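Input: a single structure, listed below in structure tokens.
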Amino acid sequence: MKKYFIRDEEVLKMKDLVGAEDIVKAYEPLILSSMEKYYAIGDYEEGLQEGRLEILEAILDYDGRIHFGGYLKSRLRFYFLNKNNDTREYPVDSQEVFEKILPDKKNFVDDLLLKEEVKILNQGFEKLTPRQKEVLHLLYFKEYKYREVAEDLGISMASVQTHEKRALKKLRQWMENKE
């Protein structure tokens, strides 16, 4: 795949959007990766077209104070997150996640007792804050590293660890109280 390099000065000159097609093509991989990470609803073509339009708006708004690539990455991230409007669905019955939370269980599918625990855990998951759900989702479902979660959510790594610790503690307490 050919890699495009667009200098910030070139972007500043394109306020009339002449030649903006090259910038949109150059940053299309960024649109796709942003959609994959942050766009939980909608279809592929619609998201791609919206991402292209967001790039055109970003070109018009760009003032040159920061690197255009970083500016655009951040802008696409927030655009797609806002499009979701916190309507993400969390697949809380995923076997992988609960095997990580309950590591002492070996045969997840065959163990009826564990299935009951998963049901209870699903109920407990619904009691978590939206931020705690998001942190667990990124750490356990998407298998992000703490640093990646911190960057995606715009919080410190310590906050990510705190949210994870509190969420797991709540889930454990929920399970103990339900047994």
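Start at 1 with the first residue, then count along the sequence. Keep in mind that what you see is a predicted model, and the values were worked out from it rather than measured.
Residues L76 and Y27 fail the side-chain proximity criterion, which asks for heavy atoms closer than 4.5 Å. Within the 4.5 Å cutoff, the side chain of R131 has heavy atoms near those of the I155 side chain. Under the 4.5 Å side-chain criterion, counting only non-hydrogen atoms from C-beta, L136 is not in contact with H163.
When all heavy atoms of I31 and G47 are compared, the closest pair comes out as CG2-O, 4.3 Å. Heavy-atom minimum distance, V24 versus L56: CG2-CD2, 3.9 Å. The shortest non-hydrogen separation linking F125 to K133 is O-CE, 3.2 Å. Across all non-hydrogen atoms, the minimal contact from A150 to S156 is CB-C, 3.8 Å. Of all heavy-atom pairs between Y144 and L139, the closest is O-CD2, 3.5 Å.
At a threshold of 4.0 Å, the pair R147-E151 counts as salt-bridged, since one of the basic side-chain nitrogens sits closer than that to a carboxylate oxygen. E148 has no carboxylate O lying under 4.0 Å from a charged side-chain N of K142, or vice versa, which leaves the two without a salt bridge.
Put simply, the side chain of S34 gets close to the backbone of L30: a donor and an acceptor are under 3.5 Å apart.
Separating the CD atom in E57 from the OH atom in Y79 is a distance of 7.5 Å, to the nearest 0.5 Å. A distance of 5.0 Å separates CG in L72 from CD1 in I55, rounded to the nearest 0.5 Å. For the atom pair W174 CH2 and K127 NZ, the distance stands at 4.5 Å (nearest 0.5 Å). In this structure, K169 NZ and Q132 CD are separated by 11.5 Å, a value rounded to the nearest 0.5 Å.
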- [ ] Walk me through it: do T162 and S159 pass the test side-chain hydrogen bond (donor to acceptor under 3.5 Å, both in side chains)?
- [x] CA-CA 5 Å; T162 300; S159 292; 5.8 Å; no
Task: Candidate pair E164 and Y140, rule side-chain hydrogen bond (donor to acceptor under 3.5 Å, both in side chains), full reasoning - done: CA-CA 10 Å; E164 178 195 28; Y140 293 103; 2.6 Å; yes
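M35 and F78 fall into different hydrophobic clusters, where Ile, Leu, Val, Met, Phe, Trp and Tyr residues are linked whenever their side-chain heavy atoms come under 4.5 Å apart, directly or through other members.
Other residues, nucleotides and ligands contribute over 12 non-hydrogen atoms within 6.0 Å of the CD atom of Q123. The environment of K170 atom NZ is dense: over 12 non-hydrogen atoms of other residues, nucleotides or ligands sit within 6.0 angstrom. Within 6.0 Å of atom CZ in R52, more than 12 heavy atoms from other residues, nucleotides or ligands are found, so the atom counts as buried in its surroundings.
For the residue pair Y71 / R75, a side-chain donor-acceptor distance below 3.5 Å is found, with atom types taken as modelled.
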